[in-house]
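First the structure, in the form of C-alpha coordinates, and then the observations on it.
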Amino acid sequence: MKVDELSSLLEFDRRHVWHPYASATEPPPVNCAVKAAGSVITLADGTELIDGLSSWWCVAHGHNHPRLTAAIQEQLQEFCQIMFAGFTHAPAVELSRRLLAVVPEGMSRVFYADSGSIAVEVAVKMALQYQFSTGHGSRTRMLTVRGGYHGDTVGTMALSDPDGMHGCFAHVLPRHIFAPIPPVAFGAEWDDAALAPVAELLERHGEEVAGVILEPVLQGAGGMRFYHPAYLRGLRELCDRHGVLLVLDEVATGFGRTGKFFAAEYAGISPDIMCVGKALTGGTVTLAATLCNERVATGISKGAPGRLMHGPTFMANPLACAAGCASLALFEEYDWSEKVRGIEGQLRRELAPAASLPGATDVRVLGAVGVIELEQSLSPGALMPFLLREGVWLRPIGRYLYTMPPFVISASELSRITGVMVRIAAGEGL
Ligand SMILES: *Cc1c(COP(=O)(O)O)cnc(C)c1O
(Lines give C-alpha, C1' and ligand atoms only; values in the text may rest on other atoms or scores of the structure.)
Protein backbone atom coordinates (compact mmCIF):
# COMPACT_ATOMS: atom_id res chain seq x y z
CA MET A 1 0.00 0.00 0.00
CA LYS A 2 1.33 3.47 -0.89
CA VAL A 3 2.17 5.78 1.99
CA ASP A 4 -0.45 8.42 1.13
CA GLU A 5 -3.07 5.72 0.54
CA LEU A 6 -2.35 4.32 3.99
CA SER A 7 -2.49 7.67 5.73
CA SER A 8 -5.82 8.54 4.08
CA LEU A 9 -7.21 5.14 5.11
CA LEU A 10 -6.09 5.63 8.71
CA GLU A 11 -7.44 9.19 8.71
CA PHE A 12 -10.89 8.04 7.54
CA ASP A 13 -10.78 5.23 10.09
CA ARG A 14 -10.03 7.67 12.92
CA ARG A 15 -12.95 9.87 11.93
CA HIS A 16 -15.62 7.33 11.07
CA VAL A 17 -14.89 3.75 12.05
CA TRP A 18 -15.52 2.64 15.60
CA HIS A 19 -13.19 0.06 17.14
CA PRO A 20 -13.81 -2.26 20.12
CA TYR A 21 -14.14 -0.58 23.51
CA ALA A 22 -12.99 2.72 22.02
CA SER A 23 -13.72 6.41 22.21
CA ALA A 24 -15.06 8.04 19.04
CA THR A 25 -13.38 11.38 19.73
CA GLU A 26 -10.06 10.10 21.03
CA PRO A 27 -9.71 6.82 19.22
CA PRO A 28 -6.81 4.60 20.27
CA PRO A 29 -4.09 3.93 17.68
CA VAL A 30 -4.75 1.10 15.22
CA ASN A 31 -2.51 -0.74 12.78
CA CYS A 32 -3.54 -1.49 9.22
CA ALA A 33 -3.24 -5.24 8.58
CA VAL A 34 -2.75 -6.38 5.00
CA LYS A 35 -2.03 -10.06 5.41
CA ALA A 36 -1.98 -12.85 7.97
CA ALA A 37 -0.60 -16.39 7.77
CA GLY A 38 0.29 -18.90 10.48
CA SER A 39 1.22 -16.97 13.63
CA VAL A 40 2.12 -13.76 11.81
CA ILE A 41 0.09 -10.64 10.97
CA THR A 42 1.67 -8.31 8.40
CA LEU A 43 1.01 -4.56 8.47
CA ALA A 44 0.80 -2.13 5.57
CA ASP A 45 4.33 -0.86 6.24
CA GLY A 46 5.71 -4.40 6.20
CA THR A 47 5.95 -4.80 9.99
CA GLU A 48 5.37 -8.40 11.07
CA LEU A 49 3.68 -9.18 14.38
CA ILE A 50 3.52 -12.58 16.05
CA ASP A 51 -0.12 -12.93 17.09
CA GLY A 52 0.06 -13.75 20.80
CA LEU A 53 -3.73 -13.65 21.11
CA SER A 54 -4.87 -15.86 18.21
CA SER A 55 -6.78 -12.69 17.22
CA TRP A 56 -9.02 -12.78 20.27
CA TRP A 57 -8.67 -16.47 20.93
CA CYS A 58 -10.19 -17.84 17.75
CA VAL A 59 -7.41 -18.56 15.24
CA ALA A 60 -6.50 -21.93 16.77
CA HIS A 61 -4.77 -23.40 13.70
CA GLY A 62 -3.09 -20.13 12.77
CA HIS A 63 -4.16 -17.48 10.28
CA ASN A 64 -5.31 -18.45 6.79
CA HIS A 65 -4.79 -22.15 7.19
CA PRO A 66 -4.89 -23.45 3.58
CA ARG A 67 -7.34 -26.23 4.50
CA LEU A 68 -9.80 -23.76 5.97
CA THR A 69 -9.58 -21.23 3.16
CA ALA A 70 -9.97 -24.07 0.61
CA ALA A 71 -13.14 -25.28 2.37
CA ILE A 72 -14.60 -21.78 2.27
CA GLN A 73 -13.67 -21.37 -1.41
CA GLU A 74 -15.26 -24.69 -2.28
CA GLN A 75 -18.51 -23.72 -0.57
CA LEU A 76 -18.29 -20.31 -2.25
CA GLN A 77 -18.68 -22.05 -5.63
CA GLU A 78 -22.09 -23.37 -4.52
CA PHE A 79 -23.80 -20.70 -2.40
CA CYS A 80 -22.84 -18.20 0.34
CA GLN A 81 -26.03 -17.81 2.31
CA ILE A 82 -29.52 -19.25 2.35
CA MET A 83 -32.10 -18.61 5.05
CA PHE A 84 -32.21 -21.50 7.51
CA ALA A 85 -35.99 -21.45 7.95
CA GLY A 86 -37.40 -23.90 5.44
CA PHE A 87 -33.92 -24.94 4.24
CA THR A 88 -31.03 -27.04 5.37
CA HIS A 89 -27.70 -27.79 3.72
CA ALA A 90 -24.85 -30.27 3.90
CA PRO A 91 -22.36 -27.95 5.68
CA ALA A 92 -24.80 -27.37 8.58
CA VAL A 93 -25.68 -31.06 8.94
CA GLU A 94 -22.07 -32.17 8.60
CA LEU A 95 -20.87 -29.66 11.20
CA SER A 96 -23.63 -30.74 13.61
CA ARG A 97 -22.59 -34.37 13.14
CA ARG A 98 -18.98 -33.50 13.84
CA LEU A 99 -19.80 -31.29 16.83
CA LEU A 100 -22.08 -33.81 18.50
CA ALA A 101 -19.33 -36.40 18.21
CA VAL A 102 -16.87 -34.31 20.26
CA VAL A 103 -18.92 -32.37 22.85
CA PRO A 104 -19.66 -33.80 26.31
CA GLU A 105 -22.02 -36.77 26.39
CA GLY A 106 -25.74 -36.07 26.30
CA MET A 107 -25.71 -33.06 24.01
CA SER A 108 -28.06 -33.90 21.15
CA ARG A 109 -29.31 -30.68 19.57
CA VAL A 110 -27.45 -27.82 17.88
CA PHE A 111 -28.73 -24.28 17.42
CA TYR A 112 -26.49 -22.03 15.30
CA ALA A 113 -25.92 -18.39 16.16
CA ASP A 114 -23.68 -15.75 14.65
CA SER A 115 -21.47 -14.85 17.61
CA GLY A 116 -20.59 -16.01 21.09
CA SER A 117 -22.79 -13.37 22.72
CA ILE A 118 -25.78 -14.52 20.72
CA ALA A 119 -25.06 -18.15 21.58
CA VAL A 120 -25.24 -17.14 25.26
CA GLU A 121 -28.46 -15.19 24.66
CA VAL A 122 -29.94 -18.30 23.05
CA ALA A 123 -28.76 -20.45 25.97
CA VAL A 124 -30.51 -18.15 28.44
CA LYS A 125 -33.67 -18.17 26.34
CA MET A 126 -33.52 -21.97 26.21
CA ALA A 127 -33.24 -22.14 30.01
CA LEU A 128 -36.08 -19.67 30.56
CA GLN A 129 -38.33 -21.24 27.95
CA TYR A 130 -37.64 -24.74 29.28
CA GLN A 131 -38.76 -23.66 32.75
CA PHE A 132 -41.79 -21.82 31.35
CA SER A 133 -42.89 -24.74 29.18
CA THR A 134 -42.51 -27.27 31.98
CA GLY A 135 -44.64 -25.31 34.41
CA HIS A 136 -41.94 -23.34 36.24
CA GLY A 137 -42.62 -19.88 34.83
CA SER A 138 -41.60 -18.32 38.13
CA ARG A 139 -38.00 -19.35 37.49
CA THR A 140 -37.00 -16.11 35.76
CA ARG A 141 -33.44 -15.46 36.93
CA MET A 142 -30.02 -16.86 36.22
CA LEU A 143 -27.34 -17.58 38.77
CA THR A 144 -23.71 -17.09 37.88
CA VAL A 145 -20.34 -16.45 39.51
CA ARG A 146 -18.48 -13.18 39.83
CA GLY A 147 -15.45 -12.64 37.63
CA GLY A 148 -17.15 -14.06 34.54
CA TYR A 149 -17.54 -12.77 31.01
CA HIS A 150 -20.33 -13.87 28.68
CA GLY A 151 -20.47 -11.18 26.01
CA ASP A 152 -21.37 -7.58 25.28
CA THR A 153 -25.09 -7.72 24.39
CA VAL A 154 -27.56 -6.40 26.97
CA GLY A 155 -28.54 -9.88 28.12
CA THR A 156 -24.98 -11.14 28.43
CA MET A 157 -23.68 -8.00 30.16
CA ALA A 158 -26.12 -8.81 32.95
CA LEU A 159 -24.34 -12.15 33.44
CA SER A 160 -20.78 -10.81 33.30
CA ASP A 161 -18.78 -9.62 36.31
CA PRO A 162 -20.85 -6.88 37.99
CA ASP A 163 -17.61 -5.10 38.96
CA GLY A 164 -16.26 -5.41 35.42
CA MET A 165 -16.24 -3.24 32.34
CA HIS A 166 -20.00 -2.92 31.90
CA GLY A 167 -20.52 -1.03 35.17
CA CYS A 168 -22.23 1.96 33.53
CA PHE A 169 -25.12 -0.28 32.46
CA ALA A 170 -25.67 -1.82 35.88
CA HIS A 171 -28.75 0.27 36.61
CA VAL A 172 -30.66 -0.95 33.55
CA LEU A 173 -29.74 -4.64 33.48
CA PRO A 174 -31.89 -7.54 34.67
CA ARG A 175 -30.76 -8.56 38.15
CA HIS A 176 -29.33 -12.03 38.26
CA ILE A 177 -27.84 -13.77 41.27
CA PHE A 178 -24.07 -13.76 41.75
CA ALA A 179 -22.04 -16.26 43.74
CA PRO A 180 -18.43 -15.46 44.66
CA ILE A 181 -15.61 -16.24 42.22
CA PRO A 182 -14.93 -20.01 42.42
CA PRO A 183 -12.51 -19.86 45.34
CA VAL A 184 -10.18 -22.82 44.82
CA ALA A 185 -7.58 -22.40 42.08
CA PHE A 186 -6.86 -25.07 39.48
CA GLY A 187 -4.24 -27.40 40.91
CA ALA A 188 -4.79 -26.27 44.51
CA GLU A 189 -6.20 -28.65 47.12
CA TRP A 190 -9.97 -28.99 46.85
CA ASP A 191 -12.18 -28.22 49.82
CA ASP A 192 -15.96 -28.88 49.72
CA ALA A 193 -16.47 -25.68 51.74
CA ALA A 194 -15.79 -23.83 48.47
CA LEU A 195 -19.31 -24.74 47.37
CA ALA A 196 -21.04 -23.43 50.50
CA PRO A 197 -21.80 -19.89 49.21
CA VAL A 198 -23.36 -21.07 45.94
CA ALA A 199 -25.22 -23.88 47.74
CA GLU A 200 -26.63 -21.34 50.15
CA LEU A 201 -27.73 -19.02 47.32
CA LEU A 202 -29.52 -21.90 45.60
CA GLU A 203 -31.13 -22.88 48.91
CA ARG A 204 -32.43 -19.33 49.30
CA HIS A 205 -33.31 -18.47 45.68
CA GLY A 206 -33.60 -21.92 44.08
CA GLU A 207 -37.26 -21.52 43.16
CA GLU A 208 -36.54 -18.33 41.19
CA VAL A 209 -33.58 -19.71 39.27
CA ALA A 210 -33.93 -21.07 35.72
CA GLY A 211 -30.28 -21.90 35.15
CA VAL A 212 -26.73 -21.53 36.39
CA ILE A 213 -24.29 -20.24 33.79
CA LEU A 214 -20.51 -20.04 33.98
CA GLU A 215 -17.31 -20.54 32.04
CA PRO A 216 -15.87 -23.94 32.92
CA VAL A 217 -12.40 -23.97 34.57
CA LEU A 218 -11.11 -20.81 32.85
CA GLN A 219 -12.69 -17.43 33.52
CA GLY A 220 -11.47 -15.48 30.50
CA ALA A 221 -12.03 -11.77 29.88
CA GLY A 222 -13.27 -11.30 33.46
CA GLY A 223 -9.82 -11.98 34.93
CA MET A 224 -7.99 -14.92 33.35
CA ARG A 225 -8.46 -17.22 36.35
CA PHE A 226 -8.25 -21.02 36.42
CA TYR A 227 -10.41 -22.72 39.03
CA HIS A 228 -10.74 -26.24 40.37
CA PRO A 229 -12.93 -28.57 38.26
CA ALA A 230 -14.44 -30.07 41.42
CA TYR A 231 -16.40 -26.82 41.66
CA LEU A 232 -18.20 -27.81 38.46
CA ARG A 233 -18.93 -31.32 39.74
CA GLY A 234 -20.47 -29.84 42.88
CA LEU A 235 -22.47 -27.36 40.86
CA ARG A 236 -23.81 -30.14 38.62
CA GLU A 237 -25.21 -31.89 41.71
CA LEU A 238 -26.61 -28.68 43.18
CA CYS A 239 -28.36 -27.83 39.91
CA ASP A 240 -29.99 -31.26 39.79
CA ARG A 241 -31.11 -30.98 43.39
CA HIS A 242 -32.76 -27.60 42.79
CA GLY A 243 -34.36 -28.24 39.37
CA VAL A 244 -31.98 -25.76 37.78
CA LEU A 245 -30.31 -26.19 34.37
CA LEU A 246 -26.51 -26.04 34.10
CA VAL A 247 -25.24 -23.90 31.22
CA LEU A 248 -21.53 -23.99 30.33
CA ASP A 249 -20.14 -21.15 28.27
CA GLU A 250 -17.30 -22.83 26.35
CA VAL A 251 -16.98 -19.97 23.85
CA ALA A 252 -13.40 -19.27 24.99
CA THR A 253 -12.45 -22.66 26.48
CA GLY A 254 -13.70 -24.90 23.67
CA PHE A 255 -11.55 -26.58 21.03
CA GLY A 256 -8.47 -27.44 23.03
CA ARG A 257 -7.48 -24.11 24.55
CA THR A 258 -7.25 -25.35 28.15
CA GLY A 259 -5.62 -28.69 27.28
CA LYS A 260 -8.88 -30.68 27.04
CA PHE A 261 -11.02 -30.39 23.93
CA PHE A 262 -13.75 -28.91 26.14
CA ALA A 263 -12.99 -27.66 29.65
CA ALA A 264 -16.01 -29.58 31.03
CA GLU A 265 -13.91 -32.73 30.50
CA TYR A 266 -11.70 -31.72 33.44
CA ALA A 267 -14.75 -32.19 35.66
CA GLY A 268 -16.15 -35.19 33.79
CA ILE A 269 -19.59 -33.60 33.68
CA SER A 270 -22.11 -32.74 31.01
CA PRO A 271 -24.08 -29.51 31.09
CA ASP A 272 -27.73 -29.24 30.03
CA ILE A 273 -26.87 -26.44 27.63
CA MET A 274 -23.51 -25.34 26.25
CA CYS A 275 -22.22 -22.51 24.08
CA VAL A 276 -19.35 -22.67 21.61
CA GLY A 277 -17.94 -19.96 19.35
CA LYS A 278 -14.58 -18.28 18.79
CA ALA A 279 -12.41 -21.19 17.50
CA LEU A 280 -15.41 -23.09 16.06
CA THR A 281 -14.45 -22.09 12.51
CA GLY A 282 -10.74 -21.99 13.28
CA GLY A 283 -11.22 -18.24 13.49
CA THR A 284 -12.08 -17.73 9.83
CA VAL A 285 -15.76 -16.71 9.72
CA THR A 286 -18.01 -15.75 12.61
CA LEU A 287 -20.12 -18.65 13.88
CA ALA A 288 -21.28 -19.90 17.26
CA ALA A 289 -23.66 -22.57 18.49
CA THR A 290 -25.79 -23.41 21.48
CA LEU A 291 -26.17 -27.12 22.16
CA CYS A 292 -28.53 -28.83 24.56
CA ASN A 293 -29.60 -32.27 25.73
CA GLU A 294 -32.89 -34.07 24.99
CA ARG A 295 -34.42 -33.05 28.30
CA VAL A 296 -34.12 -29.35 27.42
CA ALA A 297 -35.07 -29.85 23.77
CA THR A 298 -38.23 -31.83 24.52
CA GLY A 299 -39.12 -29.63 27.50
CA ILE A 300 -39.08 -26.52 25.33
CA SER A 301 -41.07 -28.23 22.62
CA LYS A 302 -44.07 -29.14 24.76
CA GLY A 303 -46.67 -26.69 25.98
CA ALA A 304 -46.95 -23.20 24.50
CA PRO A 305 -45.32 -21.79 22.42
CA GLY A 306 -43.80 -25.23 21.77
CA ARG A 307 -41.06 -23.82 19.53
CA LEU A 308 -37.78 -22.13 20.42
CA MET A 309 -38.42 -18.49 19.62
CA HIS A 310 -35.12 -17.44 18.07
CA GLY A 311 -33.82 -17.34 14.47
CA PRO A 312 -30.88 -15.19 13.35
CA THR A 313 -30.83 -14.03 9.72
CA PHE A 314 -27.45 -15.63 9.12
CA MET A 315 -28.21 -18.76 11.11
CA ALA A 316 -25.92 -21.65 10.04
CA ASN A 317 -24.23 -19.57 7.35
CA PRO A 318 -22.91 -22.16 4.88
CA LEU A 319 -19.45 -20.57 4.46
CA ALA A 320 -19.00 -20.55 8.22
CA CYS A 321 -20.30 -24.11 8.60
CA ALA A 322 -17.95 -25.33 5.86
CA ALA A 323 -15.05 -23.67 7.70
CA GLY A 324 -16.23 -25.29 10.95
CA CYS A 325 -16.24 -28.74 9.33
CA ALA A 326 -12.71 -28.21 7.99
CA SER A 327 -11.52 -26.95 11.38
CA LEU A 328 -12.91 -29.99 13.22
CA ALA A 329 -11.39 -32.25 10.57
CA LEU A 330 -8.02 -30.57 11.14
CA PHE A 331 -8.25 -31.20 14.88
CA GLU A 332 -8.55 -34.91 14.07
CA GLU A 333 -5.51 -34.85 11.80
CA TYR A 334 -2.80 -33.31 13.90
CA ASP A 335 -2.04 -33.95 17.54
CA TRP A 336 -3.41 -30.68 18.90
CA SER A 337 -3.17 -31.88 22.50
CA GLU A 338 0.54 -32.58 22.06
CA LYS A 339 0.93 -29.05 20.66
CA VAL A 340 -1.00 -27.53 23.56
CA ARG A 341 1.06 -29.54 26.08
CA GLY A 342 4.21 -28.27 24.40
CA ILE A 343 2.98 -24.66 24.57
CA GLU A 344 1.96 -25.16 28.21
CA GLY A 345 5.41 -26.46 29.20
CA GLN A 346 7.19 -23.65 27.40
CA LEU A 347 4.89 -21.00 28.90
CA ARG A 348 5.56 -22.40 32.40
CA ARG A 349 9.33 -22.31 31.93
CA GLU A 350 9.57 -18.98 30.20
CA LEU A 351 7.02 -16.99 32.21
CA ALA A 352 8.33 -18.29 35.57
CA PRO A 353 10.98 -15.52 35.89
CA ALA A 354 8.14 -12.97 36.04
CA ALA A 355 6.95 -14.44 39.35
CA SER A 356 9.83 -12.80 41.24
CA LEU A 357 9.29 -9.35 39.73
CA PRO A 358 8.02 -6.71 42.15
CA GLY A 359 5.17 -5.59 39.87
CA ALA A 360 3.82 -9.09 39.26
CA THR A 361 1.36 -10.61 41.72
CA ASP A 362 0.88 -13.99 40.03
CA VAL A 363 2.00 -16.07 37.07
CA ARG A 364 -0.27 -18.88 35.91
CA VAL A 365 -0.51 -21.22 32.97
CA LEU A 366 -3.11 -23.74 31.83
CA GLY A 367 -3.05 -25.34 28.40
CA ALA A 368 -2.26 -22.73 25.77
CA VAL A 369 -3.04 -19.83 28.12
CA GLY A 370 -0.31 -17.94 29.96
CA VAL A 371 -1.04 -15.07 32.35
CA ILE A 372 1.08 -12.60 34.28
CA GLU A 373 -1.10 -10.77 36.79
CA LEU A 374 0.27 -7.34 37.58
CA GLU A 375 -0.23 -4.84 40.38
CA GLN A 376 -1.03 -2.03 37.94
CA SER A 377 -3.33 -1.93 34.92
CA LEU A 378 -1.68 -1.63 31.54
CA SER A 379 -2.91 0.58 28.71
CA PRO A 380 -2.87 -1.34 25.41
CA GLY A 381 -2.45 1.92 23.47
CA ALA A 382 0.59 2.98 25.50
CA LEU A 383 2.23 -0.42 24.99
CA MET A 384 1.75 -0.45 21.26
CA PRO A 385 4.97 1.29 20.09
CA PHE A 386 7.00 -1.19 22.14
CA LEU A 387 5.06 -4.16 20.76
CA LEU A 388 5.51 -2.93 17.18
CA ARG A 389 9.26 -2.57 17.75
CA GLU A 390 9.43 -6.07 19.20
CA GLY A 391 7.20 -7.62 16.53
CA VAL A 392 4.79 -9.20 18.99
CA TRP A 393 1.04 -8.65 19.32
CA LEU A 394 -0.49 -8.60 22.81
CA ARG A 395 -3.35 -6.68 24.36
CA PRO A 396 -3.57 -6.82 28.13
CA ILE A 397 -6.95 -6.75 29.86
CA GLY A 398 -6.47 -4.39 32.79
CA ARG A 399 -3.92 -5.97 35.13
CA TYR A 400 -3.80 -9.22 33.15
CA LEU A 401 -0.99 -9.54 30.65
CA TYR A 402 -1.68 -12.78 28.85
CA THR A 403 -1.09 -14.83 25.75
CA MET A 404 -3.30 -17.38 23.97
CA PRO A 405 -1.18 -18.22 20.94
CA PRO A 406 -2.27 -20.23 17.90
CA PHE A 407 -1.56 -23.95 18.46
CA VAL A 408 0.72 -24.00 15.40
CA ILE A 409 3.10 -21.41 16.86
CA SER A 410 6.79 -22.36 16.71
CA ALA A 411 8.92 -22.56 19.85
CA SER A 412 11.02 -19.59 18.74
CA GLU A 413 7.94 -17.45 18.01
CA LEU A 414 6.51 -18.34 21.42
CA SER A 415 9.82 -17.41 23.08
CA ARG A 416 9.56 -13.95 21.51
CA ILE A 417 6.10 -13.57 23.06
CA THR A 418 7.11 -14.75 26.53
CA GLY A 419 10.29 -12.63 26.41
CA VAL A 420 8.25 -9.51 25.68
CA MET A 421 5.72 -10.40 28.40
CA VAL A 422 8.40 -10.75 31.05
CA ARG A 423 10.00 -7.47 29.98
CA ILE A 424 6.64 -5.67 30.16
CA ALA A 425 6.06 -7.17 33.62
CA ALA A 426 9.48 -5.79 34.59
CA GLY A 427 8.30 -2.33 33.64
CA GLU A 428 9.67 -2.02 30.11
CA GLY A 429 7.64 -0.84 27.16
CA LEU A 430 5.71 2.07 28.66
C1 LIG B 1 -15.76 -13.89 23.74
C2 LIG B 1 -16.73 -14.55 24.65
C3 LIG B 1 -18.11 -14.41 24.46
C4 LIG B 1 -18.69 -13.50 23.41
O5 LIG B 1 -18.40 -13.90 22.13
P6 LIG B 1 -18.55 -12.85 20.91
O7 LIG B 1 -18.32 -13.69 19.70
O8 LIG B 1 -17.49 -11.80 21.13
O9 LIG B 1 -19.92 -12.28 20.99
C10 LIG B 1 -18.95 -15.11 25.30
N11 LIG B 1 -18.47 -15.89 26.27
C12 LIG B 1 -17.15 -16.05 26.48
C13 LIG B 1 -16.68 -16.96 27.57
C14 LIG B 1 -16.24 -15.37 25.69
O15 LIG B 1 -14.92 -15.50 25.93
Side-chain angles (χ1 to χ4, degrees), residues 18-22 53-60 103 111-127 142 144-162 164-166 169 173 176 181-182 211-227 232 246-258 260-264 266 271 273-291 310 312-317 320 323-324 327 366-369 371 395-398 400 402-404:
W18 225 312
H19 285 265
Y21 312 108
L53 301 181
S54 299
S55 280
W56 269 349
W57 324 350
C58 60
V59 185
V103 292
F111 188 103
Y112 289 104
D114 26 27
S115 71
S117 300
I118 302 304
V120 174
E121 296 278 358
V122 171
V124 172
K125 285 177 72 172
M126 278 184 181
M142 298 296 287
T144 184
V145 290
R146 289 178 177 269
Y149 176 80
H150 296 285
D152 284 350
T153 56
V154 174
T156 60
M157 283 195 298
L159 298 164
S160 300
D161 188 23
M165 61 171 154
H166 299 124
F169 298 100
L173 296 178
H176 297 301
I181 288 171
V212 170
I213 181 167
L214 78 173
E215 299 150 277
V217 178
L218 161 64
Q219 291 192 292
M224 295 289 160
R225 271 175 230 95
F226 314 127
Y227 65 84
L232 291 170
L246 178 62
V247 184
L248 294 183
D249 178 352
E250 293 247 19
V251 170
T253 49
F255 310 105
R257 181 56 59 183
T258 66
K260 302 279 188 193
F261 206 56
F262 291 99
Y266 278 111
I273 301 172
M274 73 185 280
C275 306
V276 296
K278 290 203 164 101
L280 172 57
T281 64
T284 51
V285 187
T286 181
L287 183 70
T290 311
L291 295 95
H310 204 93
T313 306
F314 286 95
M315 186 164 177
N317 174 262
S327 177
L366 181 69
V369 186
V371 187
R395 187 184 163 87
I397 301 178
Y400 309 101
Y402 74 96
T403 181
M404 293 204 197

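It should be emphasised that the depicted structure is a prediction, and the values quoted were computed from it without experimental measurement. Every number for a ligand or one of its atoms is a count from 1 in the order of the listing.
In this structure, Thr144 contributes its side chain and Leu214 its backbone to no donor-acceptor pair below 3.5 Å. Remark: the backbone N or O of Gly155 is paired with a side-chain donor or acceptor of Glu121 at under 3.5 angstrom. The backbone N or O of Val285 lies less than 3.5 Å from a partner atom in the side chain of Thr281, making a donor-acceptor pair.
Here the closest non-hydrogen pair linking Met142 and His176 is N-ND1, 3.1 Å. Scanning both residues, Ser327 and Ala279, for their nearest heavy atoms gives OG-O, 3.9 Å. Shown here for Tyr149 and Gly222, the closest heavy-atom pair between the two residues is CB-N, 3.8 Å.
Taking distance alone, with nitrogen or oxygen atoms compared against 3.5 Å, Trp57 stays at or beyond that limit from ligand 1. Taking distance alone, with nitrogen or oxygen atoms compared against 3.5 Å, Ser117 approaches ligand 1 more closely than that limit.
Listed by number with element, the atoms of ligand 1 under 4.0 angstrom from any heavy atom of Ser115 are 7 (O), 9 (O). Atoms of ligand 1 lying under 4.0 Å from any heavy atom of His150, numbered from 1 in the order shown and given with element: 10 (C), 11 (N). Less than 4.0 angstrom separates some heavy atom of Ala252 from each of these atoms of ligand 1: 15 (O). Near Glu215, meaning under 4.0 Å from one of its heavy atoms, ligand 1 places the atoms 13 (C).
Scanning the protein heavy atoms around atom 2 (C) of ligand 1, the nearest turns out to be Lys278 NZ, 2.6 Å. Given atom 7 (O) of ligand 1, the protein heavy atom at minimum distance is Gly116 N, 2.8 Å. At the top of the distance list for atom 11 (N) of ligand 1, counting protein heavy atoms only, stands Asp249 OD2, 2.7 Å.
With a 4.5 Å cut-off on side-chain heavy atoms, Phe255 and Val276 count as touching.
Within the 4.0 Å heavy-atom shell around ligand 1 one does not find Trp56.
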